[in-house]
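What follows is a short report on a single structure.
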Amino acid sequence: MALQTEFKVEEDVLIVRLQGELDHHEAEQLRESWKDEIYHHSVKHVLLNLRDITFMDSSGLGVVLGRYKEVLQLGGQFVVCSITAPIERLFEMSGLFKIVKQAEDEHDALHALGVIVS
């Protein structure tokens, strides 16, 4: 299944929703479009929703890590939410959870970033 992406801005947070498989075939396109969204909307924080990701490899982790570093340089925070068990294991094994915050769902992640959600 090809990767589908959805970008949405809520206050100063870029919400990134991914669906499908994030592998080396999809990584470069995602890297470019995600980067464009960050700078086009002048956001400070990123919320990454991985609820519908069915597969991710090291190139996908590289995209996530790269965007984390960009957000950090902007003085923002990066939160991952709705992560499935296999992808959570990949994040744990790679050590990404030592630097990236995790939330249960988008509501909790937005709250952690200071966005009031009704």
Side-chain angles (χ1 to χ4, degrees):
M1 178 179 184
L3 182 69
Q4 296 178 339
T5 60
E6 178 186 349
F7 299 103
K8 179 182 175 188
V9 176
E10 190 76 40
E11 294 185 19
D12 62 350
V13 178
L14 176 64
I15 300 171
V16 181
R17 296 182 184 118
L18 302 178
Q19 180 180 4
E21 297 181 358
L22 176 50
D23 58 18
H24 68 280
H25 298 292
E26 305 287 347
E28 186 59 35
Q29 175 62 38
L30 175 61
R31 178 181 291 113
E32 292 305 315
S33 59
W34 193 343
K35 217 173 165 176
D36 290 345
E37 290 288 329
I38 288 173
Y39 294 105
H40 176 73
H41 295 288
S42 298
V43 295
K44 185 173 182 180
H45 310 293
V46 168
L47 185 167
L48 176 59
N49 185 328
L50 295 176
R51 180 186 67 215
D52 296 320
I53 283 290
T54 56
F55 174 82
M56 183 185 292
D57 66 9
S58 60
S59 57
L61 287 173
V63 172
V64 172
L65 182 59
R67 299 310 64 79
Y68 164 79
K69 288 178 179 180
E70 284 181 347
V71 168
L72 205 61
Q73 289 177 342
L74 296 171
Q77 296 180 59
F78 192 107
V79 180
V80 177
C81 74
S82 304
I83 194 164
T84 61
I87 306 303
E88 183 174 27
R89 180 165 162 70
L90 183 64
F91 271 58
E92 287 173 356
M93 288 178 10
S94 70
L96 266 178
F97 279 142
K98 292 179 181 175
I99 58 173
V100 174
K101 294 181 182 180
Q102 183 179 10
E104 189 68 31
D105 55 29
E106 279 189 20
H107 182 272
D108 290 348
L110 286 169
H111 183 73
L113 293 169
V115 176
I116 307 301
V117 183
S118 52

Mind listing the side-chain donor-acceptor pairs of residues 59-74 below 3.5 Å, one per line with the distance, residues two or more places apart or on another chain?
unit_1, atom_1, unit_2, atom_2, d
Ser59, OG, His24, N, 2.9
Ser59, OG, Asp57, OD1, 2.5
Arg67, NE, Glu70, OE1, 3.1

Worksheet item: Can you name the nearest heavy-atom pair linking Asp108 to Glu104, along with the distance?
Response: OD2-CB, 3.4 Å
Kindly compute the distance separating [atom1] ([X]) from [atom2] ([Y]), expressed to the nearest 0.5 Å.
| X | Y | atom1 | atom2 | result |
| --- | --- | --- | --- | --- |
| Met56 | Ile83 | CE | CD1 | 7.0 Å |
| Ser82 | Ile53 | OG | CD1 | 12.0 Å |
| Leu48 | Phe78 | CG | CZ | 5.0 Å |
| Leu50 | Gln19 | CG | CD | 12.0 Å |
| Ile15 | Lys8 | CD1 | NZ | 5.0 Å |
| Leu47 | Leu14 | CG | CG | 9.0 Å |

Item to complete: Quick one: do Val13 and Val43 satisfy side-chain contact (heavy atoms from CB on, under 4.5 Å)? Show the steps, please.
Response: CA-CA 6 Å; Val13 178; Val43 295; over 6 Å; no
Practice prompt. For the pair Thr54 (side chain) and Gly20 (backbone), establish whether a donor and an acceptor sit closer than 3.5 Å, ignoring hydrogens and angles.
Written response: yes
Item to complete: Could you point out which residue of Gln29, Arg31, Glu37 forms a side-chain contact (heavy atoms from CB on, under 4.5 Å) with Ser33?
Response: Gln29
Kindly list each side-chain donor-acceptor pair under 3.5 angstrom involving residues 87-103, sequence neighbours excluded, with atom names and distances?
unit_1, atom_1, unit_2, atom_2, d
Glu88, OE2, Gln102, NE2, 3.3
Ser94, OG, Leu90, O, 3.2
Ser94, OG, Phe91, O, 2.9
Ser94, OG, Leu96, N, 3.3
Lys101, NZ, Gln77, OE1, 2.4

Worksheet item: In this structure, are over 12 heavy atoms from other groups packed under 6.0 Å from His41 atom NE2?
Response: yes
Worksheet entry | side-chain contact (heavy atoms from CB on, under 4.5 Å) assessment of Phe7 paired with Thr5 | CA-CA 7 Å; Phe7 299 103; Thr5 60; 3.9 Å; yes
Worksheet item: Given Leu18 and Leu30, is the side-chain contact (heavy atoms from CB on, under 4.5 Å) satisfied, shown in steps?
Response: CA-CA 10 Å; Leu18 302 178; Leu30 175 61; 3.9 Å; yes
Worksheet item: Can we say Glu106 and Arg17 salt-bridge, meaning some charged N sits less than 4.0 Å from an Asp/Glu carboxylate O?
Response: yes
